[in-house]
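Below is one structure, written out as structure tokens; the observations come after it.
Here, residue 1 is the first one in the sequence, and each next residue gets the next number. This one's a predicted model, so the numbers in the text were calculated from it and none came from an experiment.
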Amino acid sequence: MRAHSSATTTSPIAVATPGPERPGFGTLQAALGVVAFSLTFPATAWGLEGFGPWSLVAVRSVLAAVIAGGCLLALRVPLPARRHRAGLAVVGAGVVLGFPLLTTLALETSTTAHAAVVVGLLPLTTALFSALRVGTRPSRTFWTAALVGAAAVLAFTVQQSGGALTTADLYLFAALLVCAAGYTEGGRLARVMPGWQVIGWALVLCLPLTVPVAAFALTREPVQLTAHSVTGLLWVAAGSQVAGLVVWYRGMAAIGIPKASQLQLAQPLLTLVWSVLLLGEHLTVAAPLTAAAVLVCIAVTQRSRG
């Protein structure tokens with residue numbers, strides 16, 4: 001992999017800029033990202049059956065970096081321009097390292113339903129970060145629908161977890177902030193370079209940290225290779241960390257960060273469905289009512305104009 005020479009006549013942005021996409025296709029890609037992310041907590045719970053939290057997070061990041069780095073190398077993608085590297089570092093710190101580690105630590109003592117609180121707040125937090133970083137100004141209708149949707153998801157997930165604040169909540173709220181920052185910066189970068197390259201370079205950028213942490217953690221934490229633990233590890237590495245983020249950033253670039261972020265209002269409910277199917281957790285009758293309210297809010301935010 002090599003950087004562009006300063007003598008070249010074609011700018012890196014011109015080479016990397018993705019072509020225009022239909023908003024409907026962008027919405028579909030963002031929605032596929034949400035589906036991939038909704039499996040992250042159940043897959044993490046499976047992974048924790050055979051790995052320690054530090055091992056799971058570090059190994060998943062290394063595996064994801066190997067996949068992404070292999071694609072970058074095979075396609076001979078030039079190194080990102082220097083002006084984009086600070087943004088990629090924010091993506092790496094928030095999405096590659098911060099969010100996975102903090103939520104994994106939380107899931108050691110929290111159920112997936114309780115952890116879904118952070119996902120319920122993430123769309124609103126991402127929209128706030130977007131307004132500060134990118135300068136977007138969504139309409140009042142957008143904000144009203146976003147707040148109602150976030151409140152509905154919070155009420156549902158907090159009621160499911162009993163409403164008690166624990167140490168896990170501190171991890172979750174911290175994860176919320178770093179992930180929103182990573183999503184916002186990644187969505188901004190995806191406007192000038194392909195989304196898969198955004199997450200790919202962020203993963204590769206983190207390798208000098210994740211490789212030694214993985215090696216150290218594997219010698220300190222017990223490892224038990226089972227069908228669940230291996231499947232969980234592979235999913236959070238290839239599904240959540242690579243494939244999900246690729247379509248997610250492409251979707252954000254096509255339809256805008258605030259609108260894409262509101263699709264995540266459905267993520268906690270999807271996570272609870274997967275928790276029932278994969279983890280045997282019980283779903284209350286409040287789920288379909290909350291789902292209907294969230295879908296209405298998503299429809300309003302998608303139709304509103306910023």
I want to check something: taking the side chain as every heavy atom from C-beta on, are Q224 and E49 in contact at a cut-off of under 4.5 Å?
no

Kindly indicate whether the side chain of I199, heavy atoms from C-beta on, has any atom under 4.5 Å from the side chain of V242.
no

Does either side chain, that of S240 or that of T40, offer a donor lying less than 3.5 Å from an acceptor on the other one?
yes

Mind checking whether W201 and L189 have side chains closer than 4.5 Å, heavy atoms only?
no

CA sep, side-chain torsions, deciding dist, call: V236, F41, side chain to side chain contact (heavy atoms under 4.5 Å, CB included)
CA-CA 9 Å; V236 293; F41 286 168; over 6 Å; no

Quick one: are S275 and P42 in side-chain contact, heavy atoms under 4.5 Å?
yes

Per side chain to side chain contact (heavy atoms under 4.5 Å, CB included), L121 is matched among L172, L176, L177, V153 by L176

Here the gap from M193 atom CE to Y249 atom OH, rounded to the nearest 0.5 Å, amounts to 11.5 Å

Between atom CG of D169 and atom OG1 of T166, what is the distance when rounded to the nearest 0.5 Å?
4.0 Å

Can you tell me if F37 has over 12 outside heavy atoms packed within less than 6.0 Å of its CZ?
yes

Smallest separation among heavy atoms of L263 and A30, with atom names:
CD1-CB, 3.6 Å

Looking at V96 and S61, what are the two nearest heavy atoms and their distance?
O-OG, 3.4 Å

Counting only heavy atoms from other residues, nucleotides and ligands, does the tally under 6.0 Å from CH2 of W54 exceed 12?
no

I want to check something: taking the side chain as every heavy atom from C-beta on, are C71 and Q197 in contact at a cut-off of under 4.5 Å?
no

Closest non-hydrogen contact found for L101 with V57 is CA-CG2, 3.7 Å

Nearest non-hydrogen partners of L203 and A68, listed with the distance:
CD1-CB, 4.0 Å

Would you confirm whether S110, through its side chain, and L107, through its main-chain N or O, come within 3.5 Å as a donor-acceptor pair?
no

Which heavy atom of G26 sits nearest to which heavy atom of A254, and what is that distance?
CA-CB, 3.7 Å

Please evaluate residues T231 and W46 with respect to the criterion side chain to side chain donor-acceptor pair (under 3.5 Å), reporting the C-alpha separation (whole Å), side-chain torsions for both, the decisive distance (0.1 Å), and the verdict.
CA-CA 8 Å; T231 301; W46 272 9; over 6 Å; no

Report whether V296 and L289 are members of the same hydrophobic cluster (ILVMFWY, side-chain heavy atoms less than 4.5 Å apart, transitive linking).
no

Honestly curious: do F129 and L147 fall in one hydrophobic cluster under the side-chain, below-4.5 Å linking rule?
no

Strictly by modelled atom types, are S55 and E221 linked by a side-chain donor-acceptor pair under 3.5 Å?
yes

Assigning hydrophobic clusters by single linkage (Ile, Leu, Val, Met, Phe, Trp, Tyr; side-chain heavy-atom cutoff under 4.5 Å), is F216 placed with L56?
no

Should L207 and V90 be regarded as members of a common hydrophobic cluster, given that ILVMFWY residues are connected when their side-chain heavy atoms come within less than 4.5 Å of each other, either directly or indirectly?
no

Between L269 and V273, is the side chain to side chain contact (heavy atoms under 4.5 Å, CB included) condition met? List the steps.
CA-CA 6 Å; L269 303 177; V273 171; 5.7 Å; no

With distance as the sole criterion, is a donor-acceptor pair present between the side chains of T226 and S229 under 3.5 Å?
yes

Donor-acceptor pair between E281 and T112 side chains, under 3.5 angstrom
yes

Tell me if the centroids of the rings in W248 and Y183 come within less than 6.0 Å of each other.
yes

Please answer whether the main-chain N or O of P80 pairs with a side-chain N or O of R85 as donor and acceptor at a distance below 3.5 Å.
yes

Return the CD to CG distance between Q267 and L122, rounded to the nearest 0.5 Å.
7.5 Å

Indicate if L154 and V148 have the same hydrophobic cluster label, given that clusters are the connected sets of ILVMFWY residues with side-chain heavy-atom separations under 4.5 angstrom.
no

To the closest 0.5 Å, what do you measure between CG (L278) and CG (L39)?
6.5 Å

Determine whether T109 and T167 make a side-chain contact, defined as any pair of heavy atoms from C-beta on separated by less than 4.5 Å.
no

Go through the steps to decide whether T210 and L97 satisfy the test side chain to side chain contact (heavy atoms under 4.5 Å, CB included), and finish with yes or no.
CA-CA 9 Å; T210 55; L97 300 176; 3.5 Å; yes

Hey, what do you get for CD1 (I255) to CD (Q29), rounding to the nearest 0.5 Å?
9.5 Å

First locate atom CD of Q241, then atom CZ of F99, and finally report the distance between them rounded to the nearest 0.5 Å.
10.5 Å

What verdict does the side chain to side chain contact (heavy atoms under 4.5 Å, CB included) test give for W196 and L72, after you've listed the backbone C-alpha separation in whole Å, the side-chain angles of each residue and the deciding distance to 0.1 Å?
CA-CA 9 Å; W196 75 271; L72 292 168; 3.4 Å; yes

